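So the structure is just underneath, and the comments pick up after that.
Heads up: numbering here begins at 1 and tracks the sequence. In this text the structure is predicted, and so the values were computed from the model without any measurement.
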Amino acid sequence: MDDKLHLVMTSCENHEQAERLARELVEQRLAACVSVGASVTSFFPWDGKINAAEEVLLMIKTSAERLPELKQAFGEHHPYDVPEMLVLPVIDGLEAYFEWAHEWMNNEK
């Protein structure tokens, strides 16, 4: 299969938000899997000062075809005004996983 997957990273304020977003993305078949990780401390500039906040990381596995819809879903469902969305190409992995992921995202709802 020529089209591998993309790993999209984002964060949410807490586990409840992260799990709600993860479920929404998988139910809409915009992702084959979303891993909700542990809390981390993020440092970032906002409103003219440096902030520190506890956040929960999400790793979203999706395809190139789903990226435009995923970006739209971030605008509709992500709780942040300016959500982090970093897209990393997956250059290799188990072919069976790629096939499984694409089957989920490409089948009708």
Side-chain angles (χ1 to χ4, degrees):
M1 179 175 293
D2 288 339
D3 183 32
K4 301 297 186 211
L5 294 177
H6 286 73
L7 178 66
V8 178
M9 297 177 61
T10 194
S11 57
C12 288
E13 198 171 312
N14 55 52
H15 271 88
E16 182 181 335
Q17 288 179 352
E19 290 174 7
R20 184 172 40 250
L21 180 61
R23 182 172 298 281
E24 183 74 29
L25 297 177
V26 174
E27 285 177 350
Q28 289 186 22
R29 297 181 187 259
L30 300 177
C33 176
V34 179
S35 299
V36 176
S39 295
V40 297
T41 304
S42 296
F43 293 86
F44 54 93
W46 194 256
D47 289 334
K49 64 180 182 173
I50 303 300
N51 294 272
E54 293 296 312
E55 295 185 298
V56 177
L57 295 178
L58 291 88
M59 294 187 302
I60 303 161
K61 282 68 90 179
T62 192
S63 65
E65 296 83 23
R66 293 289 190 230
L67 283 173
E69 293 172 90
L70 184 63
K71 286 179 182 180
Q72 182 177 342
F74 264 48
E76 296 170 3
H77 301 289
H78 199 290
Y80 287 173
D81 292 336
V82 181
E84 172 186 41
M85 183 180 190
L86 303 176
V87 180
L88 308 169
V90 176
I91 59 170
D92 199 9
L94 293 175
E95 199 65 34
Y97 185 84
F98 294 141
E99 290 171 4
W100 167 82
H102 284 286
E103 183 178 316
W104 171 253
M105 289 182 287
N106 291 326
N107 283 336
E108 292 299 317
K109 296 178 186 175

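- Between the CG atom in L5 and the CD1 atom in I60 there is a gap of 13.0 Å [rounded to 0.5 Å].
- Between the side chains of E54 and T41, at least one donor N or O sits under 3.5 Å from an acceptor N or O.
- The structure places CD1 of I91 at 10.5 Å from NZ of K4, a figure rounded to the nearest 0.5 Å.
- Grouping Ile, Leu, Val, Met, Phe, Trp and Tyr residues whose side-chain heavy atoms lie under 4.5 Å apart, directly or via other members, places L57 in a hydrophobic cluster with V40.
- A side-chain donor-acceptor contact under 3.5 Å links R66 to the backbone of R29.
- Residue pairs satisfying the ring pair (Phe, Tyr, Trp, His ring centres under 6.0 Å) criterion with at least one member in residues 5-46, sequence neighbours excluded, are absent.
- Follow the hydrophobic side-chain contacts under 4.5 Å out from L94 and you reach W100 in the same cluster.
- Pairs of residues two or more places apart, or lying in two chains, that qualify as ring pair (Phe, Tyr, Trp, His ring centres under 6.0 Å) and include a residue from residues 71-96 are F74-H78, H78-Y80.
- Every residue meeting the side-chain hydrogen bond (donor to acceptor under 3.5 Å, both in side chains) condition with S42, not counting sequence neighbours, appears here in chain and number order: E55.
- With sequence neighbours excluded, the residues that form a salt bridge (Lys or Arg N to Asp or Glu O under 4.0 Å) with R20 are E16.
- We find that E76 and K71 are not joined by a salt bridge, their nearest charged nitrogen and carboxylate oxygen being 4.0 Å or further apart.
- Not counting sequence neighbours, E19 has no partner by the salt bridge (Lys or Arg N to Asp or Glu O under 4.0 Å) test.
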